[in-house]
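Reckoned from all heavy atoms, side chains included, excluding hydrogens, waters and symmetry mates. The sequence lines fix the lettering, A, B, ..., with proteins before strands; numbering per chain opens at 1.
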Amino acid sequence: MRWTRRRLGITLLGVMGIAIAAVPFLTDDRYLLKVLTFVGVNAIVVAGLALLFGYAGQISLGHAAFFGLGAYMSAYLTTTHQTPWLLAVLAGTGIAAAGGLLLALPSLRLKGHYLAMATLGFNEIMSVLFVELRGITGGNNGLSGIPFPSIGSFVIDTPAGIYLLVWGVAALAFLGAANLVRTRPGRAMRALHGSELGAVASGVDTTRLKVQVFALSAALAGLAGALYAHAVGFISPTQFSLEFSILLVAMVVVGGTGSLVGPFFAAVVLTLLQYVHALIPGLGNDVASVIQDWEVDISGMVMILTVIFLPGGFAALVRRKRIGVAVDGETV
Amino acid sequence: MTGKWLQRMLPATVVLTLVVASLAGCSQADSSSDEGGEETAKEPYTIGAVLSLSGTYAGLGEPEKNTIEMELERINEDGGVNGHPVKVVIEDDATDPAKAQAATVRLIEQVDVLAIIGATGTGQTMGMRGDIDRAGIPQVSVAGGTVVTAQFDPLVFQTPWSNSLVVPFTLSRLRDAGITKIALMYDTGGFGADGGDVVKATVGEYGISVVAEQTFNPGDTDMTAQLTMVKGSDAEAVVLWNAGKESAIVAKNMQQLSMMLPLYGCHGNARAEFAEGAGDAAEGFRFAAGKILLPETYGTDSMSYRVATDFVERYTERYGKAPDTFAGHAYDALYLIVEAMRRLPEGFTTAELRDEIERTDDFVGIGGIFTFTESDHNGMSEDDLVMYRIQDGAWVLDTP
């Protein structure tokens with residue numbers, strides 16, 4: 001029984017992977033491809049955030065800032081210093097990881113609301129820096145003319161190419177994360193989530209673990225940011241605001257704790273929400289703009305409803321339904 | 001058991017209902033928007049417009065949108081462009097360069113437009129440039145920053161008087177008023193920073209020096225700190241370069257600090273919202289702008305006067321208030337494109353459309369009379385400007 005379910009899961013994942021990879025060959029709608037590229041970018045951030053929040057139980061309201069750090073670093077290096085793309089993306093990932101490490105060292109002594117406040121503060125500080133460090137970031141007017149991804153003379157300049165690149169990275173991020181949660185650090189993370197004291201008693205170095213997970217998720221956010229910068233070619237501070245941080249957390253909360261698949265689907269749905277007009281071609285402009293205006297409110301409301309009625313997120317709903325009898329038999 | 005199940009299913013149901021409701025809304029809106037009689041055999045020419053309908057430039061984007069919608073009806077009643085109806089797809093950029101860029105991508109990749117009007121703001125206009133260049137689509141911006149045409153791009157045209165015209169005009173008026181020391185305030189967004197740069201670069205030519213320089217960010221809600229610094233300087237006038245809601249706050253804060261210095265704004269303030277927002281703090285506020293606010297300044301026997309009064313009449317009748325300069329910028333942008341299309345043969349390309357817009361010669365618009373050249377994509381002159389002063393909540397001509 002368990003074996004077949006596992007096989008079913010793998011088959012479903014395979015089908016999904018093939019479907020995602022096939023998209024560029026099925027459509028020539030360049031805009032749709034760009035939108036789906038953004039979905040892939042957000043999915044990379046969510047992979048890291050699902051580890052941090054969904055598995056280790058540590059909240060971050062500052063992931064948009066790490067995303068921005070990666071984006072600005074890579075954009076600045078490639079536009080001003082003509083750094084090769086791959087190096088610039090690595091630098092973007094690196095600076096985000098370093099930022100995550102630096103923030104984690106003092107802040108992860110904090111718990112719950114206090115940690116949320118500290119990361120929120122970090123996001124605000126970075127937002128101010130993105131605007132004020134005009135020499136590097138271009139201030140409010142942003143940085144434009146960011147080159148396409150390229151390795152040597154090979155330039156990925158088609159929407160389909162960038163789509164495949166981003167989704168390739170996203171697939172690696174999810175496979176890596178899935179692997180991680182099934183091994184010793186993953187179990188330690190879950191123990192930490194369940195009870196920090198219990199985890200310590202079981203021999204888990206919780207401080208070290210928390211810092212590691214935080215830096216890893218910041219690095220993934222930075223990587224996604226760097227990829228994003230080269231995919232759009234233009235970045236400005238508003239893209240890395242607290243609003244985006246909250247949207248990212250909403251994806252993980254709605255998707256479900258202790259799950260990677262749940263947050264992935266939540267990332268897909270909540271990202272597409274702002275691009276409804278890309279998916280439904282004949283959609284009236286007014287409707288699209290109403291949905292866009294209410295986007296933050298919709299994701300906020302969905303998050304509140306999830307927390308109230310479905311604390312484990314949608315992943316928990318699926319999980320409980322699957323093994324529903326056993327769980328209910330025990331608890332009721 | 002059932003109760004629990006219900007509790008679990010509730011959020012899912014709520015979300016589903018939301019999605020279904022929005023989809024239903026879409027299909028309804030969709031059917032209503034397509035009712036515009038598609039009897040003309042020729043396919044429509046589609047133009048995109050990226051305007052700030054929300055955010056700090058919402059007060060600019062709204063008249064621009066109104067104008068485009070009104071003039072579009074008129075153009076299509078007159079048979080469109082050589083029988084082709086004209087369609088304009090308007091996108092809101094929320095006064096955000098990133099959203100302007102995203103909207104541009106959509107207009108190019110999904111809507112497949114022939115030309116783009118906008119953006120409303122300078123920062124937004126510049127954010128769009130990369131994608132405009134990649135697609136090779138002509139853009140007629142309605143933003144007033146100098147960079148729009150000074151950082152020259154063969155594809156980009158501009159209908160408002162750029163800062164490089166308005167700044168010298170304003171500075172010469174300051175000189176004539178005997179002012180030699182000014183405090184300069186501007187926002188760090190595209191238009192304000194651009195104006196600030198031009199003021200600092202040219203101020204010496206007018207024997208004026210900047211004795212205090214203060215900036216604020218778009219969206220800021222209090223400028224008391226900056227104005228206190230200004231108050232401590234020996235400035236004889238304050239020059240404010242900003243097109244957003246922040247201008248009214250500066251005027252109000254000055255009043256609260258009992259600063260009696262004359263305040264000079266710019267063409268970004270040429271709208272009723274400013275006077276209303278600042279209330280009696282706006283009294284005596286001076287700004288340079290085009291002649292549309294008082295059409296008789298065109299000269300009552302001129303072609304410009306007839307074009308402008310006709311536009312003012314139709315706009316006022318339809319929207320219940322007189323158009324401001326921003327409505328005029330959108331009018332000019334739309335007709336610059338449409339007139340160029342009319343001069344072209346069937347099946348023109350976007351490159352040919354760009355060339356034809358560049359050939360615009362003596363087009364009588366609202367902002368002035370446009371003549372583009374290979375190196376001048378603004379096409380305006382200082383003669384198209386006059387100085388206004390706000391008196392009893394309305395603008396009057398400020399004669400030197």
Side-chain angles (χ1 to χ4, degrees), chain A residues 29-35 38 128 131-132 134 138-142 144-146 157 159 232-239 254 269 273-278 280-294 298 301-302 304-306 308-310 314 316-317 320-321 324 328 332, chain B residues 1 4-5 7-12 14-15 18-19 22-23 25-34 53-54 89-92 94-102 104-111 122-124 126-131 133-134 145 147 187-190 192-194 217-218:
Chain A
D29 184 339
R30 296 158 62 92
Y31 186 64
L32 183 68
L33 280 177
K34 284 203 169 172
V35 168
F38 298 153
V128 172
V131 174
E132 297 299 337
R134 246 158 263 156
N140 279 313
N141 297 333
S144 54
I146 306 167
D157 56 357
V232 291
F234 174 80
I235 52 172
S236 73
T238 50
Q239 291 153 306
V254 173
V269 173
L273 201 60
Q274 50 187 314
Y275 297 106
V276 268
H277 50 9
I280 311 163
L283 180 60
N285 230 9
D286 298 341
V287 185
S289 69
V290 166
I291 294 180
Q292 277 160 1
D293 290 346
W294 287 84
I298 294 173
M301 246 158 53
V302 173
I304 292 170
L305 288 173
T306 311
I308 294 175
F309 296 108
L310 200 71
F314 277 77
L317 184 78
R320 260 186 284 183
K321 223 179 156 185
D328 282 352
V332 177
Chain B
M1 182 81 193
K4 261 202 158 168
W5 186 82
Q7 203 182 353
R8 278 177 211 149
M9 288 316 284
L10 191 63
V14 170
V15 174
L18 269 175
V19 171
S22 56
L23 286 182
C26 312
S27 52
Q28 257 176 6
D30 192 29
S31 57
S32 66
S33 69
D34 272 353
L53 302 176
S54 50
V89 178
I90 299 175
E91 294 269 329
D92 176 19
T95 324
D96 178 350
K99 292 218 171 79
Q101 192 252 359
T104 308
V105 172
R106 186 177 106 79
L107 289 173
I108 292 172
E109 307 284 20
Q110 199 181 33
V111 183
T122 302
Q124 291 73 14
M126 298 309 285
M128 295 158 66
R129 183 154 294 182
D131 289 278
D133 286 349
R134 267 173 221 166
V147 287
D187 68 81
T188 56
D194 181 272
N217 283 324

If one checks every heavy atom of A/Ile235 against chain B at 4.5 Å, the contacting part turns out to be neither

Part of A/Val131 lying under 4.5 Å from any heavy atom of chain B: side chain

Check the pair A/Glu132 / B/Asn217 against side-chain contact (heavy atoms from CB on, under 4.5 Å), numbers first and verdict last. CA-CA 10 Å; A/Glu132 297 299 337; B/Asn217 283 324; 3.2 Å; yes

Go through the steps for B/Asp96 and A/Gln239 under the test side-chain hydrogen bond (donor to acceptor under 3.5 Å, both in side chains), then give the verdict. CA-CA 9 Å; B/Asp96 178 350; A/Gln239 291 153 306; over 6 Å; no

Do you know which two heavy atoms are closest between A/Arg134 and B/Thr188, and how far apart they sit? NH2-CG2, 3.4 Å

Quick one: OG1 on A/Thr238 to NZ on B/Lys99, what's the gap to the nearest 0.5 Å? 6.5 Å

If you measure from CD on B/Gln110 to CG on A/Leu32, what distance do you get to the nearest 0.5 Å? 8.0 Å

B/Asp187: what forms a side chain to side chain contact (heavy atoms under 4.5 Å, CB included) with it, not counting sequence neighbours? B/Phe216, B/Pro218, B/Asn242

Is B/Ala102 in contact with chain A via its backbone, its side chain, both, or neither, using a 4.5 Å heavy-atom distance? backbone

Which portion of B/Arg134 sits near chain A, non-hydrogen atoms under 4.5 angstrom: side chain

Checked B/Ser54, B/Pro97, B/Gly130 vs chain A; the most non-hydrogen pairs under 4.5 Å come from B/Pro97

Largest heavy-atom contact set with chain A, pairs under 4.5 Å, which of B/Val105, B/Val111, B/Ile108, B/Asp131: B/Val105

